[in-house]
Amino acid sequence: MFSTFYKKKLDELLYHCHRNLPAGLANDKLISQAFKFAYEAHKNDKRASGEPFITHPYDVALILAKEIPLDSVSIASALLHDVVEDTKFTFKDIKAEFGNEIAEIVDGATKIEGMFENYEMKQVESYKKMLLSMTSDIRVILIKFADRLHNLRTLEFLSTTKQMRLAQETLEIYAPLAHRFGLSNIKTELEDLSFKYLERKSYDDIAKRLKQKKREREKFIKGFIEPLRQRLTEQGFKFEISGRAKHLYSIYKKLVSRNKTFDEIYDLFAVRIILDTTNKNDCFTVYGICSEVYIPVPERFKDYISLAKQNGYQSIHTTLVSKEGRMVEVQIRTKEMHEVAEKGIAAHWKYKENTNQHDANLENWMKLVRESVESVSKEDTSKQVLDSFKLNLYQDEIYCFTPKGELKVLPSGATAVDFAFEIHTQIGLRCIGAKVNGKIVSLDSPLRSGDQIEILTSKNQTPKLDWEKFVVTHKAKTDIKKFFNTERRNLISKGKEIWERKAKKHKIHASDESLSRVVHKFKYKDTGQFFFTLAQNESAAAEIIDVLTDKIKLQSLEQKPTEEEMKPVDNLASNFNRYVDDARNSTEGIVLGNGSSQNMSGLKFDFAKCCNPIPGDDVIGFVSQEKGVRIHRKTCKNILNLFLKEPERIIQIKWSDKGVGEYTGGIKIIGEDRPGILNEITKTISKNFNSNIKSVDIKTRSSMFEGTLILSIQNLKQLNQIIEKINNQEGVFSVTRYEH
Ligand code: MN
């Protein structure tokens with residue numbers, strides 16, 4: 001399938017995997033399969049250097065196997081990391097071929113690729129967090145380190161602009177992250193390579209001077225080390241001791257920060273003593289011995305063993321004065337500590353026995369790694385440990401860009417509306433839509449780290465009530481609330497003006513107290529709520545005006561009107577009442593039995609549609625030659641008029657005691673206009689009462705609805721029960737018997 005050359009390459013990779021990966025973690029089959037897949041996928045592609053593209057993912061995998069050995073899944077993912085980005089193969093293809101775990105890692109690496117390409121290097125701290133928040137699998141980040149390292153090693157083939165961008169991005173984001181992950185080798189190389197492209201002159205200068213002094217330095221180191229080697233050997237320690245120049249970028253930083261010349265900097269190199277022991281106390285013993293050989297500088301002593309660095313680094317640092325009077329930094333650590341320093345977290349689980357250090361961890365994550373190392377035995381390897389490596393850093397935050405590349409940090413779950421308010425209150429208030437990565441999305445859909453969001457606004461837009469339900473940021477919540485409060489205040493004062501105008505027109509002189517009492521009868525919470533409603537719908541005043549100009553209306557609102565209250569009180573009505581009483585005295589009246597429109601006692605009768613009388617109502621009849629007797633409620637306005645015109649045709653009516661049957665009655669409901677409320681009301685009626693709904697008429701106005709329901713009713717008692725039941729329903733402001 002591929003040449004002997006690539007066969008050899010694969011063998012080399014497998015060799016390093018077996019050498020460096022923890023026992024049992026090198027899966028030859030998986031790695032070979034990934035290598036072949038990547039080889040085929042990238043077959044026709046070349047790198048900027050002219051080399052076949054496969055050399056890049058291959059080298060990335062090799063860096064991973066040699067320098068951050070984790071597991072075969074990482075190696076396979078590294079081989080495949082550019083397949084989705086650069087070839088016709090998709091996430092689905094990778095998933096089908098290699099399963100979800102590898103597909104997710106490749107997907108993560110693809111998303112991070114070129115993340116910052118279009119943005120100026122500002123807010124670097126947030127960029128770092130963003131990278132971490134975007135991935136839940138640590139292996140994505142580790143592959144990106146290796147990827148970045150290889151890209152920098154081969155940076156010379158790219159344009160100057162690209163070189164500068166990649167170098168700066170690496171220096172600002174990837175190198176510090178590698179440091180945080182405890183990968184000192186990778187961090188050092190990333191820094192020096194970036195430094196080389198960003199500050200070529202300083203880089204060359206320092207490199208040249210280091211080279212010039214190399215011989216002198218080596219001679220000095222040799223002389224300095226020798227007595228130490230001798231004494232430690234005498235004491236029976238197994239160890240390695242070496243001295244080497246610090247890396248170029250750290251020297252450069254010292255030159256800049258201390259404002260000194262190259263010749264004035266003494267600590268250009270450090271001596272390292274690595275003890276082949278598992279006893280950390282040996283480090284302190286060795287420190288004691290060193291202090292006997294050379295004079296220590298006490299203020300330069302640092303104990304990173306008792307208190308590890310945030311990235312897990314452990315070592316003793318001391319500075320000793322040489323016989324020539326030069327100060328030399330000496331680092332003392334165990335082999336395990338050294339490996340952790342070089343290879344970071346991956347080294348942790350190579351060692352079963354771990355120190356019981358109390359670590360000050362910047363990230364809880366490091367603690368997690370440590371705990372997993374302590375609880376899992378060396379043999380009981382990968383899966384379990386890797387699962388606990390799942391990153392949980394900054395997962396409660398998301399990092400999103402404005403179209404101009406400004407980064408906004410939001411709590412996870414934040415929506416486009418939150419983002420809009422984050423930019424500016426006015427943008428939030430006028431937000432009508434959002435484009436996320438160029439696509440229109442609904443305002444309530446949650447954003448994700450790395451999204452670029454463009455907010456669409458309209459000057460006519462105002463916040464919607466349902467926004468309050470999905471926004472998560474404090475700012476959005478407060479701004480929206482503030483808007484609605486102001487809006488409400490404005491509407492209330494507008495409604496008040498409307499009311500005052502209407503009151504004047506209808507010559508109503510109601511005190512605040514009596515107005516408050518009346519609106520309360522209509523189930524408004526207070527006059528404020530009434531004014532608020534009025535501002536949106538002037539006709540809401542009609543009922544209140546009716547009540548304040550006509551007391552009968554008010555009484556009909558009482559839930560259980562008394563007999564006394566039911567009596568008409570004005571002169572006209574009094575006359576009518578007296579007449580009826582007279583009629584009652586003079587005749588037996590007609591007694592109504594069963595049914596609604598029949599002949600009874602030889603008399604044809606029906607029920608007036610204007611007032612829909614039902615058994616229990618006080619009723620009266622009006623006799624006409626063609627239609628027989630039409631029965632009205634005593635409180636009906638029509639019957640009052642008829643009585644005025646032709647009092648002689650009024651006839652007394654009584655309900656029969658055993659009156660059963662179906663009659664027609666109506667109710668009028670005012671309530672909050674929200675989805676489902678009508679359904680709830682009709683359900684209440686059909687579920688609790690043996691009543692059919694004959695017709696429904698609903699009018700909505702802003703956030704209120706007004707509904708008239710015509711029902712089949714047995715008697716007044718039942719109607720009152722229905723009214724009471726609906727009245728208790730949430731969102732219902734008032735229920736009254738329907739008076740046309
Ligand atoms: Mn790559």
Side-chain angles (χ1 to χ4, degrees), residues 20-22 63-70 138 141-142 145-146 149 174-192 237-251 253 267-284 286-287 290 300-319 328-363 365-370 372-374 385 389:
N20 296 323
L21 264 51
I63 289 172
L64 214 59
K66 280 174 158 176
E67 298 179 42
I68 331 171
L70 265 186
I138 182 185
I141 303 278
L142 298 178
F145 288 149
L149 185 56
Y174 287 92
L177 269 185
H179 177 66
R180 202 182 285 182
F181 276 68
L183 299 162
S184 72
N185 276 349
I186 289 190
K187 171 234 175 192
T188 301
E189 197 181 343
L190 286 175
E191 279 186 348
D192 275 356
F237 284 105
K238 277 191 184 169
F239 63 96
E240 281 170 33
I241 186 164
S242 62
R244 60 173 184 179
K246 292 189 169 168
H247 73 291
L248 274 63
Y249 185 62
S250 75
I251 293 171
K253 277 200 296 190
D267 46 357
L268 293 176
F269 53 89
V271 168
R272 212 172 261 166
I273 302 169
I274 297 160
L275 299 170
D276 192 0
T277 175
T278 51
N279 183 0
K280 64 172 182 175
N281 289 326
D282 288 349
C283 298
F284 295 97
V286 168
Y287 166 72
C290 292
R300 302 272 306 259
F301 174 81
K302 281 184 192 109
D303 173 12
Y304 295 120
I305 291 179
S306 306
L307 202 65
K309 281 194 182 181
Q310 283 152 346
N311 61 11
Y313 176 86
Q314 287 186 298
S315 196
I316 284 176
H317 289 190
T318 182
T319 297
V328 179
E329 187 182 317
V330 177
Q331 302 170 353
I332 305 159
R333 55 179 85 142
T334 67
K335 225 173 164 181
E336 182 193 348
M337 292 172 191
H338 180 63
E339 202 149 340
V340 170
E342 302 279 286
K343 290 177 179 171
I345 41 92
H348 273 288
W349 44 292
K350 285 185 84 178
Y351 291 86
K352 181 186 169 186
E353 198 177 338
N354 208 321
T355 48
N356 251 340
Q357 307 295 340
H358 170 74
D359 291 328
N361 292 306
L362 175 66
E363 330 290 11
W365 177 77
M366 280 307 292
K367 199 172 153 225
L368 194 74
V369 171
R370 240 162 242 276
S372 72
V373 171
E374 278 160 15
V385 181
F389 278 1

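Owing to the predicted nature of the structure, the values given are computational and were not obtained by experimental measurement.
Annotation: side chain of Val271 is not in contact with side chain of Glu329 (no heavy-atom distance under 4.5 Å). Residues Ser315 and Met337 are not in side-chain contact: their nearest non-hydrogen atoms beyond the backbone lie 4.5 Å or more apart. A 4.5 Å side-chain heavy-atom check between Phe145 and Ile63 finds every atom pair outside the cut-off. Side chains of Tyr304 and Ile316 form no contact here, defined as non-hydrogen atoms less than 4.5 Å apart. Ile273 places a side-chain heavy atom less than 4.5 Å from the side chain of Cys290. Val286 has its side chain within reach of Leu275: a pair of non-hydrogen atoms, C-beta onward, lies under 4.5 Å apart.
Note that the NE2 atom of His179 and the OG1 atom of Thr188 stand 9.5 Å from one another [nearest 0.5 Å]. To the nearest 0.5 angstrom, Asp192 atom CG is 8.5 Å from Ile251 atom CD1. Rounded to the nearest 0.5 angstrom, Glu240 CD and Ile274 CD1 are separated by 5.5 Å. Rounded to the nearest 0.5 angstrom, Ser242 OG and Gln331 CD are separated by 9.5 Å. Between Ile305 atom CD1 and Leu307 atom CG the span is 11.5 Å, to the nearest 0.5 Å.
Qualifying ring-ring contact (aromatic ring centres under 6.0 Å, His included) partners for Tyr287, counting only residues two or more places apart in sequence or in other chains: Phe301. Evaluation of the side chain to side chain contact (heavy atoms under 4.5 Å, CB included) rule for Lys238 yields Asp276 as partners, not counting sequence neighbours. Taking the side chain to side chain contact (heavy atoms under 4.5 Å, CB included) definition, one finds that Glu342 meets it with Ser184, Asn185, Arg272, His338, sequence neighbours left out. Contacts of Ala65 classified as side chain to side chain contact (heavy atoms under 4.5 Å, CB included), with partners at least two apart in sequence or in another chain: Leu13, His16, Cys17, Ile75. Applying the ring-ring contact (aromatic ring centres under 6.0 Å, His included) rule to Tyr174 yields no partners; only residues at least two apart in sequence or on another chain are considered. Every residue meeting the side-chain hydrogen bond (donor to acceptor under 3.5 Å, both in side chains) condition with Thr277, not counting sequence neighbours, appears here in chain and number order: Asp282.
A pairwise comparison of heavy atoms in Ile186 and Glu67 identifies CG1-OE1, 3.8 Å as the closest pair. Heavy-atom minimum distance, Ala341 versus Arg333: CB-NH1, 3.9 Å. A pairwise comparison of heavy atoms in Leu64 and Ala146 identifies CD1-CB, 4.1 Å as the closest pair.
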Give the C-alpha distance, both sets of side-chain angles, the deciding distance and a yes or no for side-chain contact (heavy atoms from CB on, under 4.5 Å) between Leu149 and Glu189.
CA-CA 8 Å; Leu149 185 56; Glu189 197 181 343; 3.5 Å; yes
Please report the C-alpha distance between Leu177 and Leu183 in whole Å, then the side-chain angles of each, then the deciding distance to 0.1 Å, and finally whether the side-chain contact (heavy atoms from CB on, under 4.5 Å) criterion is met.
CA-CA 9 Å; Leu177 269 185; Leu183 299 162; over 6 Å; no
What's the verdict on side-chain contact (heavy atoms from CB on, under 4.5 Å) for Lys335 and Phe239, showing C-alpha distance, side-chain angles and the deciding distance?
CA-CA 9 Å; Lys335 225 173 164 181; Phe239 63 96; over 6 Å; no
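Ring orientation note: the planes of Tyr249 and His247 are tilted relative to one another, at an angle of 30° to 60°.
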